[in-house]
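Note sheet for the following structure.
Everything numeric in this text was worked out from a predicted model, so none of it was measured. Atoms within each ligand, like the ligands themselves, are counted from 1 in listed order.
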Amino acid sequence: MTKADIIDGKALAAALRESVRDGVEHLRMSDRLTPGLAVVLVGEDAASQIYVRTKTRQTEEVGMKSFAHHLPEDVREEDLLTLIRGLNGDRRVHGILVQLPLPPHIRTEAVLATVDPDKDVDGFHVINAGRLAVGAAGAMVPCTPLGCMKMVKDRLPDLTGLKALVLGRSNIVGKPMANLLLAENCTVTIAHSKTRDLPSECRQADILVAAVGRAQMVRGDWIKPGATIIDVGINRIPADNGKTRLVGDVNFNEAREVAGAITPVPGGVGPMTVACLLRNTVVAACRQRDIEPPEL
Ligand code: GUN
């Protein structure tokens, strides 16, 4: 059998960034609007620092304004909330992102609830989660599932009637992903650590989205021949040369022998997530100024 196609997240993300850059240029020229994104980082988590740097750099590269706020690990929750309220009221800021995870003494729920839903480019506010769940207009959709969906639809423009399985039930990926697939008329299963006979559930799926954070958990014989596989996992494991390497939640080499298409790790979901953040910021800026957002 031929090997699965690779879904090139890097290339799709570059194309989306290009469209965002064109959209930003148009807004600047015709509406005197420069979208602005505020990114808030608390503490010194190494991975978060890398993500925030990437987001800030790409924001500037597409011509938007970036506002970076780095607070100490021991910041008081009230001081963080005060910063967010200030950003809510700042007309130069159209999108607000608070990088997760937050230190344990800060209530994540309280922080996410303080972000103005219209500036919530992460789509984590319960208002936006609710809008997505009920199919209401104007939901800001979380960036990772939005990027996954764009990759699925690049390969399968019409998902009507397909069976989709989402492995993982997080608020950031699993639940919004399931809602997006449902809105595209898929028959959706959400599986998780307590699901019985996971391999046979997975084997039914035409579309499998793996977001559990367990290195190479999904094996080749869990996959329906020809299925489309989206691997959200980013796990560091020991490599043969004594160093480490990144792998997904899917055993890539095994899956490639069975699937129809698969996203690589790295170079799949990751780049699309950041590109979708830029996209969401442009859309948020347009809505705040009552401008029809570009098709992105
Ligand atoms: N931490 C891991 N993923 C994300 C994300 O998509 N948004 C934010 N704000 N923090 C994260």
(message) Using 0.5 Å steps for rounding, measure from the SG atom of C186 to the CG atom of L162.
(response) 5.5 Å

(message) For a side-chain hydrogen bond (donor to acceptor under 3.5 Å, both in side chains) check, start with the C-alpha distance between T244 and R236, then their side-chain angles and the critical distance, and finish with the verdict.
(response) CA-CA 6 Å; T244 61; R236 198 166 278 287; 2.9 Å; yes

(request) Could you pull out all residues at least two apart from N179 that satisfy side chain to side chain donor-acceptor pair (under 3.5 Å)? (result) none

(message) Just to confirm my output: which protein heavy-atom neighbour is closest to atom 4 (C) of ligand 1, and how far is it?
(response) Q99 NE2, 4.3 Å

(message) Strictly below 4.0 Å, N to O, side chains only: are E61 and R57 in salt-bridge contact?
(response) yes

(message) If the cut-off is 4.0 Å to any non-hydrogen atom of L97, which atoms of ligand 1 fall inside it?
(response) 9 (N)

(message) Salt bridge check, R219 against D221: does any charged N sit closer than 4.0 Å to a carboxylate O?
(response) no

(message) At under 4.0 Å between heavy atoms, is it the side chain or the backbone of Y51 that contacts ligand 1, or both, or neither?
(response) neither

(request) Under 4.0 Å, heavy atoms only, figure out whether ligand 1 is touched by the backbone of V98, its side chain, both or neither. (result) backbone

(message) Does the protein come close to atom 9 (N) of ligand 1 - that is, does one of its heavy atoms sit below 4.0 Å from that atom?
(response) yes

(message) Looking only at distances, can you tell me whether any N or O atom of D122, backbone or side chain, sits closer than 3.5 Å to an N or O atom of ligand 1?
(response) yes

(message) Under 4.0 Å, heavy-atom basis, I'd like to know which part of L100 is in contact with ligand 1: side chain, backbone, both or neither.
(response) both

(message) Could you work out, with side chain to side chain donor-acceptor pair (under 3.5 Å) as the rule, every residue matching S200, not counting sequence neighbours?
(response) D197

